[in-house]
Amino acid sequence: MSKALPKRSENYSEWYNEIVKRADLAENSAVRGCMVIKPYGFAIWEKMQRGLDDMFKATGHQNAYFPLFVPKSFLEKEEEHAEGFAKECAVVTHYRLKKNPDGPGLIVDPAAKLEEELIVRPTSEAIIWNAYRGWIQSWRDLPILVNQWANIVRWEMRTRIFLRTAEFLWQEGHTAHATKEEAVEETERMLGVYADFAENWIALPVIRGYKSPAERFAGAEETYCIEAMMQDGKALQCGTSHFLGQNFAKAFDVKFVNKENELEHPWATSWGVSTRLMGALIMAHSDDNGLVLPPKLAPIQVVIVPIHRSPEDLAEITAVVDPIVEKLKAAGVSVKYDDSDNQRSGWKFAEYELKGVPVRLALGKRDLEAGTIEVARRDTLTKESRPLEGIVEHVQELMSEIQANIYAKAAKFREEHTFRVDTWDEFVERIEEGAFLLAHWDGTAETEENIKEQTKATIRCIPLDAPHEEGKCILTGNPSHRRVVFARAY
RNA sequence: CGGGGCGUAGCACAGCCUGGUAGUGCGCACGGUUUGGGACCGUGAGGCCGCAAGUUCGAAUCUUGCCGCCCCGACCA
């Protein structure tokens with residue numbers, strides 16, 4: 001194994017794949033397009049889950065669980081939805097195997113054919129709204145604010161670990177409301193939760209916006225999203241929140257009696273983020289030395305490495321380190337004291353850098369004599385020697401400083417790669433460099449499609465805060481009232 | 001589904017063209033010397049050479065078929 005990672009500037013996707021592999025986050029599995037998430041990677045995902053779940057609970061949601069399988073007849077009910085997902089469904093047709101009568105191994109038992117095929121959920125609107133029919137009778141039953149953590153399957157033609165896998169983990173919120181206003185408000189609230197999480201936990205600045213009709217979720221009336229920029233200037237959709245109108249209520253015949261004793265269909269939302277966020281985390285912050293983790297998501301926030309020659313030296317160092325470890329733990333900092341003797345300190349330094357541990361403390365004989373400790377920051381790759389006194393407080397401060405710095409760095413990068421463009425030539429040139437382009441669009445699907453064909457750039461979103469501004473469409477010159485965000489995307 | 005690449009030790013690969021004792025590096029085990037940014041020496045363990053059929057006295061190597069994975073496109077969170 002070569003020591004150095006590939007460089008971002010030379011081969012971005014190879015760099016990404018190597019980080020995933022070498023930082024022990026995940027690996028490809030024996031099953032095409034499906035990944036194995038390894039313990040270190042899963043620990044990060046668990047931190048994301050915890051952070052998000054707390055936010056869902058704080059906004060009044062409860063967790064529940066629905067089946068992995070969706071009867072085909074359910075998926076068919078909402079027509080647009082069915083059409084959107086039909087091309088990427090895994091289908092269960094049989095429920096039994098038997099010994100192969102003509103040779104070794106097992107075969108599918110033809111006698112065990114299912115009367116109706118079961119679809120492995122690509123998303124759960126259908127199975128959930130079928131259940132909601134039984135849950136909702138009166139306006140008093142609303143709103144229903146439910147979330148589920150689950151795995152789903154979308155049979156993608158081409159997969160990339162974390163960014164697009166055939167099976168992935170996510171959460172999907174599914175809510176039902178008595179009024180349209182309330183449902184829209186919920187859709188926007190959850191977009192806000194996602195943006196908050198992205199910015200304050202992943203340290204990833206995002207653009208809040210809504211999708212053009214062409215990019216909308218199949219079956220939604222409006223799709224809101226958060227979009228982030230990766231270090232190659234490409235966009236990654238990090239979360240979506242859909243206003244579903246009454247489409248699913250109608251398709252599944254869900255009705256409630258309002259206060260005036262009239263029958264109505266409830267209004268729906270759904271919203272989700274997935275293990276793709278792991279990909280966002282990696283691609284947004286990491287460098288040519290490896291992963292860079294924001295402290296809030298780092299499974300190990302501080303690693304302490306002893307530098308010693310003899311077991312006696314180590315014992316002396318450990319005596320000084322132990323109380324520091326205790327104090328850091330008491331302060332809520334997750335810390336690892338790596339006193340293993342199978343690797344040398346230099347090896348450990350490189351290893352924890354690769355794994356993105358935000359702060360490294362190193363303590364050797366020289367420090368013992370001087371009453372100091374070496375503090376190294378992963379985000380800036382700087383080191384300094386500090387007095388032992390007050391080190392716990394200093395580390396605590398560093399946690400928030402690093403969190404803020406990583407965010408600022410990503411925000412600066414995005415700013416430097418975002419341009420307002422008004423001519424087609426500049427558009428074509430800039431998009432090639434990797435950038436977000438704020439440009440006018442005439443609002444038609446034809447133009448959107450033409451731009452995509454010519455440049456591979458898509459409309460990432462129409463920003464919620466886009467000011468009204470008269471202009472001319474970047475391609476057709478037709479009138480436009482605001483700028484939208486164009487970029488190439490993952 | 002189209003184009004390209006690759007399947008040989010835990011990992012990365014050489015050997016294949018020109019058939020004849022299965023190799024190198026890393027990792028692993030043990031011993032020693034080392035230790036402030038990925039140490040070194042010695043000894044050792046570890047292989048149905050992706051699967052199947054064929055050619056041959058003999059196949060990792062030649063032929064055919066199959067399977068799998070990765071990368072680039074079309075599709076997508």
Side-chain angles (χ1 to χ4, degrees), chain A residues 1-5 11-14 16-18 21-22 24 27-35 84-89 103-105 122-123 151-172 194 211 214-218 220 223 225-228 235-242 270-280 289-290 305-311 313-314 317 341-354 360-370 372-374 376 381 383 385 452-453 456 458 460 489-490:
Chain A
M1 181 168 88
S2 68
K3 283 179 196 167
L5 278 170
N11 189 337
Y12 195 79
S13 67
E14 199 189 328
Y16 173 82
N17 287 335
E18 281 298 309
K21 200 189 299 177
R22 296 221 213 145
D24 240 356
E27 62 191 25
N28 283 305
S29 71
V31 183
R32 193 205 85 103
C34 297
M35 63 182 161
F85 284 102
K87 290 170 295 183
E88 49 189 38
C89 287
T123 179
N151 59 335
I152 60 177
V153 169
R154 295 183 187 175
W155 211 267
E156 300 290 349
M157 299 181 198
R158 199 178 145 224
T159 59
R160 287 195 72 188
I161 220 159
F162 285 128
L163 298 175
R164 185 174 305 103
T165 43
E167 180 195 17
F168 57 96
L169 306 184
W170 78 345
Q171 59 67 218
E172 45 182 328
Y194 287 157
K211 289 288 187 189
E215 299 271 334
R216 214 175 261 159
F217 177 77
T223 287
C225 63
I226 52 172
E227 294 282 332
L236 184 69
Q237 178 176 307
C238 292
T240 47
S241 184
H242 314 291
S270 69
W271 28 273
V273 296
S274 72
T275 35
R276 172 178 266 196
L277 288 180
M278 295 286 294
N289 290 332
V305 177
I307 298 163
H308 62 282
R309 294 201 164 91
S310 63
D313 289 354
L314 180 61
I317 291 165
D341 62 356
N342 54 344
Q343 297 297 352
R344 310 192 339 158
S345 48
W347 190 92
K348 292 178 188 173
F349 292 171
E351 179 68 9
Y352 291 109
E353 250 160 44
L354 185 59
R360 181 184 74 234
L361 303 177
L363 200 76
K365 267 247 90 83
R366 291 207 305 250
D367 293 295
L368 288 185
E369 283 154 19
T372 57
I373 190 161
E374 186 183 83
L381 290 170
K383 317 189 268 199
S385 187
K452 185 178 176 183
E453 256 172 44
K456 291 186 204 160
T458 51
R460 297 323 303 153
Y490 278 96

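Here is the naming used below: chain letters follow the sequence lines, and residue numbers restart at 1 for every chain.
Between the C1' atoms of B:G5 and B:G50, the separation comes to 16 Å (whole Å). Comparing the same atom, P, in B:G25 and in B:U43 gives a spacing of 12 Å after rounding to whole Å. Spacing of P atoms, B:G31 relative to B:G68, comes out at 46 Å, to the nearest Å. For the C1' atoms, the distance linking B:A29 with B:A45 amounts to 7 Å, nearest Å. Using C1' as the reference atom, B:U34 and B:C40 are 8 Å apart when rounded to the nearest Å. B:G42 and B:G38 have their C1' atoms separated by 22 Å, given to the nearest Å. If you take atom C1' in B:C75 and the same atom in B:A12, they sit 33 Å apart, rounded to whole Å. When the C1' atom is compared between B:G27 and B:C13, the two are found 14 Å apart, to the nearest whole Å.
Remark: A:Trp170 CH2 is packed, more than 12 non-hydrogen atoms of other residues, nucleotides or ligands lying under 6.0 Å away.
In this model, a side-chain donor or acceptor of A:Arg344 finds a partner on the base of B:U34 within 3.5 Å. One N or O donor and one acceptor, one from the side chain of A:Lys383 and one from the base of B:G37, sit under 3.5 Å apart. Applying the 3.5 Å distance criterion, the base of B:G37 shares a donor-acceptor pair with the side chain of A:Glu353. The base of B:G36 does not come close enough to the side chain of A:Arg309 for any donor and acceptor atom to sit less than 3.5 Å apart.
Between A:Arg309 and A:Asp313, the closest heavy-atom pair is N-OD2, 3.5 Å. Across every non-hydrogen atom of A:Glu374 and A:Asp367, the tightest pair is N-OD1, 4.2 Å.
B:G36 atom P lies 15 Å from atom CG of A:Leu363, rounded to whole Å. Atom CD of A:Glu18 and atom P of B:C11 are 14 Å apart (whole Å). In this structure, A:Lys21 places its NZ atom 14 Å from C1' of B:G10, rounding to the nearest Å. When the P atom of B:G32 is taken as reference, atom CG of A:Asp341 falls 13 Å away, rounded to whole Å. Per the geometry, OH belonging to A:Tyr12 stands 17 Å off C1' belonging to B:C71, to the nearest Å. Here B:G38 presents its P atom at 12 Å from CZ of A:Arg360, a figure rounded to the nearest Å.
Close to B:C70, at under 4.0 Å from its OP1 or OP2, lies no side-chain N or O of A:Asn17.
Nucleic acid contact class of A:Thr275 (heavy atoms, under 4.0 Å, all strands): none. Using a 4.0 Å heavy-atom criterion, one finds that A:Thr240 contacts no nucleic acid atom at all. Nucleic acid contact class of A:Thr223 (heavy atoms, under 4.0 Å, all strands): none. Residue contacts shown for A:Leu163 include a base, since a base heavy atom lies under 4.0 Å away. Across all strands, A:Arg160 comes closer than 4.0 Å to no nucleic acid atom at all (heavy-atom distances). Within 4.0 Å of A:Glu156, counting heavy atoms only, lies at least one base atom of the nucleic acid. Base contact: A:Phe168 has a heavy atom under 4.0 Å from a base atom.
Between A:Trp271 and A:Tyr194, the angle of the ring planes goes over 60°, which puts this pair in the perpendicular group of the 30/60° scheme.
For the atom pair A:Glu18 CD and A:Ser13 OG, the distance stands at 10.5 Å (nearest 0.5 Å).
Closest to the side chain of A:Asn28, from the set B:C70, B:G38, B:C71, is B:C70. Here the nucleotide nearest the side chain of A:Phe349, chosen from B:G36, B:C75, B:G37, is B:G37. Here B:G36 is the nucleotide among B:C75, B:G36, B:G37 with the atom lying nearest to any side-chain atom of A:Lys365. Considering only side-chain atoms of A:Lys456, the nucleotide from B:G38, B:G36, B:G73 that sits closest is B:G73. Of the candidates B:C28, B:G38, B:C75, B:C75 carries the atom nearest the A:Lys87 side chain, counting heavy atoms from C-beta on. When distances run from any side-chain atom of A:Met157 to the nucleotides B:G36, B:C75, B:G37, the shortest one goes to B:C75.
Base orientation of B:U21: syn (glycosidic angle within 90° of 0).
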side-chain contact (heavy atoms from CB on, under 4.5 Å) between A:Thr123 and A:Phe85: does it pass, once the steps are laid out? CA-CA 9 Å; A:Thr123 179; A:Phe85 284 102; 3.8 Å; yes
Please assess A:Arg160 against A:Asn17 for the test side-chain contact (heavy atoms from CB on, under 4.5 Å), listing each intermediate value before the final yes or no. CA-CA 9 Å; A:Arg160 287 195 72 188; A:Asn17 287 335; 4.2 Å; yes
Run the numbers on A:Leu277 and A:Cys238 for side-chain contact (heavy atoms from CB on, under 4.5 Å), then give the verdict. CA-CA 6 Å; A:Leu277 288 180; A:Cys238 292; 3.9 Å; yes
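Paired regions of RNA chain B, where each region holds three or more successive Watson-Crick or G-U pairs whose two hydrogen-bonding distances fall under 3.5 Å, are B:1-7 with B:67-73, B:10-13 with B:23-26, B:28-33 with B:39-44, B:50-54 with B:62-66.
In this structure the side chain of A:Ile307 never reaches within 4.5 angstrom of the side chain of A:Arg366, judged on heavy atoms.
Residues A:Phe162 and A:Glu351 both approach RNA chain B. Their nearest nucleotides, taken by heavy-atom distance, put A:Glu351 toward the 5′ side. When each of A:Ala489 and A:Ser345 is assigned the nucleotide of RNA chain B with its nearest heavy atom, A:Ser345 is the one assigned upstream, toward the 5' end.
The pair A:Glu227-A:Lys211 meets the salt-bridge criterion, with a side-chain N (NZ, NE, NH1 or NH2) lying under 4.0 Å from an Asp/Glu carboxylate O.
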